[in-house]
Every structure is written in structure tokens, then in C-alpha cells.
Amino acid sequence: MYEFETMLIHGGLVPQKNRQSTTVPIYQTTSFKYESCEDISEVFKGEKYGFIYTRISNPTIEILEKRMALIEDGIGAIATSSGMSAITTTIMTLCKSGDNFISSSSIFGGTYSLFKNRMKEFGINCKFINPNYIERFEKEIDEKTKAIFIETIGNPKIDVADIRAISRIAEKYEVPLIVDSTITTPYLIQPKNFGANIIIHSTSKFINGFGNSIGGIIIDAGNFNWNNKRFQNFKEFYEKYGQLAFLIKVRKEIFRDFGGCISPFNTFLILNGLETLSLRMTKHCENGMKLANFLKEQKEVLFVNYPGLKENKYYHLAKEQFNNKFGSIISFGLKNKEMCFKFINSLKLAYNLANLGDAKTLIIHPASTICVEFNEEEKRMMGVSENLIRVSVGLESINDIINDFKNAFLNLNL
Ligand SMILES: *Cc1c(COP(=O)(O)O)cnc(C)c1O
């Protein structure tokens with residue numbers, strides 16, 4: 001077993017099985033040919049291993065799945081067309097109409113909308129809980145509860161969930177804990193070590209790292225008992241596949257039938273980015289800390305949300321959980337919305353856009369963009385105020401980033 005940095009580069013690729021190719025080959029094909037009817041039939045019946053159709057699996061995509069499973073210490077993974085697809089596929093596999101699940105209320109806006117509106121239309125009820133009040137999770141669990149969903153660091157609130165404490169409740173009631181670790185990546189945390197059962201990433205963000213392809217992934221940590229009375233509908237899969245019951249159920253049912261597959265070419269770009277995850281995240285964290293420290297010294301800045309600041313209420317938890325690394329997502333407050341607009345409009349280096357986890361520094365005013373469809377109460381719950389700005393600190397020279405911000409602050413006072 002190699003260490004983390006080595007796994008990022010070598011995990012899952014066997015050159016001998018890929019014509020000695022040292023880079024992951026792109027199998028840009030829809031389907032795979034068989035020599036005989038008997039052969040293809042065995043693969044269809046699951047009696048023999050093989051590729052059939054890229055919507056189900058593909059050799060390029062399989063390498064990303066194996067690499068991510070190794071990195072997260074899971075038993076397997078399924079790569080999806082987007083982070084949203086990873087979340088939808090997971091919830092739809094665990095819950096059917098009439099079931100419910102519990103989610104942290106401090107989550108990515110797209111996920112919130114999926115949980116609150118779309119899932120309800122399918123008869124699946126989501127109960128939202130502020131992750132600061134851990135005891136409330138327990139109160140909401142009933143016999144129809146099929147999952148607990150949290151994010152490692154919520155954004156744009158930048159709050160940190162106590163994963164271990166929440167996992168104890170999940171474990172007590174035998175409910176799987178799903179952790180979306182997109183903001184932290186495996187560089188900051190392996191959620192499995194804190195009791196997570198299913199780990200999700202939007203690979204569109206830091207995993208790819210260069211903002212060039214949308215993708216997602218579902219990883220089964222291998223530590224949940226799927227032979228469980230809460231999951232009667234998993235029984236058949238458990239008897240056949242044991243611990244792989246969840247992943248195989250995902251692949252053979254919701255993933256295959258809903259069609260949320262990723263393209264081999266996007267997978268190639270994501271794998272390319274993943275090789276440098278460790279190097280990039282080291283710099284992201286360093287630049288994040290420097291920009292947070294700069295921001296808190298500015299007289300125009302009312303508050304800075306960044307768990308790496310010693311005065312931040314999540315500092316100790318984040319330090320322990322994320323191994324003394326704090327990422328590069330910061331939010332901060334100015335006097336009002338007009339100030340925020342003026343500030344963002346004055347920046348020249350930082351891009352005003354709706355992504356995060358890119359080599360480039362990205363900035364956005366959440367209340368008027370990514371959270372614009374939410375009502376006042378929802379915005380409050382997500383920590384989105386009219387005077388809030390979110391930054392994803394990139395890999396440029398920190399001097400240039402800070403100078404860009406300095407100029408924008410000077411502009412505010414003109
Ligand atoms: C972006 C994001 C998602 C959704 O991922 P997409 O790849 O954009 O579909 C989910 N969770 C978090 C935390 C994200 O930042």
C-alpha cells in the first residue's frame with residue numbers, strides 16, 4: 001500500500017493492462033464487443049467481469065473509481081456526471097417514496113434545492129438540521145430514516161461539522177452517514193476515519209482543480225452493515241455481493257437507469273488534475289490562510305469566516321479533524337450589498353463566477369447569485385447575508401492576490 005501522494009499518481013492504473021501506457025488511456029467508446037453470445041450473456045448476468053456500455057462502466061472511468069476508492073480507503077467507487085448526480089444517485093438508492101433522510105442545513109445551494117424541492121416531488125422527505133445542534137439529529141430519526149447527510153465545511157457559511165459526533169448517532173441507529181467532502185478533499189480529511197459510511201465529492205472542484213470538467217464520485221467506505229433491517233430492499237444484493245451490496249445496487253439500478261454517467265474524456269482531465277492534488281492543496285491552504293489574515297486586518301471588513309483563524313469558533317475542531325489544514329474557501333462581510341458589488345467589480349485578477357476549487361482565485365456575492373432563489377429564512381440558515389462575499393483562493397502569487405484585493409479596498413473609499 002503506497003502513501004497518499006503516490007496513490008494520487010499511480011492508484012488504479014496497471015500499465016501492463018493498458019499496453020504499457022503510463023498516462024490513463026481514454027477509452028472514448030460507447031460499447032464493448034464480445035466474441036460470442038455466450039460471453040456477452042455471462043457479462044450481462046454478472047457471472048463474468050467485463051465492460052458492456054459506457055453508461056454502466058468504462059475502463060478509463062474505472063481507473064478514477066479505483067484511485068478515489070484507494071485514496072479514501074473505501075471498498076469501491078462510482079464516478080458520476082456531476083457532484084449533483086453523485087448526491088441524487090446516492091439518495092435515490094437509499095430512499096424510496098415514503099422514506100426520509102436528515103441533512104445538515106448548512107449545505108451547497110444546489111444540494112439544498114434538490115433535497116427540499118425535488119426529493120419531495122418523489123415522495124422523499126428531507127429534514128434539515130443545523131449541524132451545530134448535534135442532539136437534534138437523534139430526535140429526527142424514525143424507522144423510515146435512511147440516511148444522514150452532512151458536508152465537512154458548509155459554504156458560504158464556512159462552518160465545520162463535528163463528523164465523529166454525528167457519526168456516533170448514525171451508528172447507534174444504523175443509519176448510513178453520507179459526507180460530502182468536496183470543500184476539504186482527501187488532502188484535509190479521510191471522512192472514513194471519523195465514521196463516514198459514504199463519501200461524496202464533486203470532482204468539478206479541487207479534485208480536478210483546473211475548472212475544466214464537471215464530475216462527481218460516490219465512495220463506499222465499507223464500514224456500514226447493509227444487512228440491516230432498515231434496508232430490507234438491500235437483502236438480495238447483500239446475499240449475492242456482501243459488503244459490495246450498496247455499490248452494486250447503485251450501479252445496477254439508479255445509476256444505470258437514471259443515466260448519470262461521466263464521459264471518459266472528462267474523467268481523463270479529472271485524473272490529470274488529481275495527480276497534483278497534494279501539491280495544489282498545500283498551496284491553496286497557504287494562500288487561504290494568508291488572504292484570511294489580510295482580510296481580518298482591513299477596516300472595511302466586518303467579519304471573516306475561515307476556520308484557520310485562531311479566533312474562529314471552529315478552529316479547534318477544524319485543526320483536529322483536518323490535520324491542521326484549513327482549505328481555501330473564505331467568506332467575509334462588508335458594510336452592505338452596494339459595497340460588495342463595488343468591491344467585486346473593482347477586482348482585476350479574481351474572477352467573479354459561480355465555481356470554487358480552481359487554480360484561479362474566484363469570488364462571488366452569494367445572496368444575489370447562487371442563493372438568489374432562497375427566501376430570507378433559508379438564507380439566514382445558510383449564513384447568507386446581503387453583505388457577504390465568498391472567495392475561493394487560487395494558486396496565483398499571494399502578493400498579486402492581496403494587491404488585487406488592496407486595490408479594490410482603496411476603490412471602496414473613493
Ligand atoms: C459544487 C458542489 C456540489 C455539486 O457539484 P457539481 O459537480 O457542480 O454538480 C456538491 N457539493 C458541494 C459541496 C459543492 O461545492
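Counting begins at 1 with the first residue of the sequence. For ligands, and for the atoms within them, numbers begin at 1 and follow the listed sequence.
In terms of protein heavy atoms, atom 13 (C) of ligand 1 is closest to Asp180 OD2, 3.5 Å. Closest to atom 2 (C) of ligand 1, if we only count protein heavy atoms, is Lys205 NZ, 2.4 Å. Summary of contacts: the protein heavy atom closest to atom 4 (C) of ligand 1 is Phe108 CE2, 3.4 Å. With hydrogens left out, the protein atom closest to atom 9 (O) of ligand 1 is Met84 N, 2.9 Å, a heavy atom. Nearest protein heavy-atom contact of atom 7 (O) of ligand 1 is Ser204 OG, 2.6 Å. With respect to atom 6 (P) of ligand 1, the closest heavy atom belonging to the protein is Gly83 N, 3.3 Å.
The contact set between ligand 1 and Glu151, taken as ligand atoms under 4.0 Å from a residue heavy atom, comprises 13 (C). Proximity to Gly215 (heavy-atom distance under 4.0 Å) selects the following atoms of ligand 1: 7 (O).
Counting heavy-atom neighbours within 6.0 Å of Phe122 CZ, excluding the residue itself, gives a total of 12 or less.
Salt-bridge annotation for Arg168 and Glu171: absent, with no side-chain N of the basic residue lying under 4.0 Å from a carboxylate O of the acidic one. Salt bridge annotation for Glu236-Lys249: absent, with no cationic side-chain nitrogen under 4.0 angstrom from a carboxylate oxygen.
Judged by the 6.0 Å distance and 45° axis criteria, Lys205 is positioned over the aromatic ring of Phe108.
Using modelled atom types and a 3.5 Å distance limit, the side chains of Asn100 and Thr145 yield a donor-acceptor pair.
Using a 4.5 Å cut-off on side-chain heavy atoms (C-beta onward), Ile158 and Ile329 make contact.
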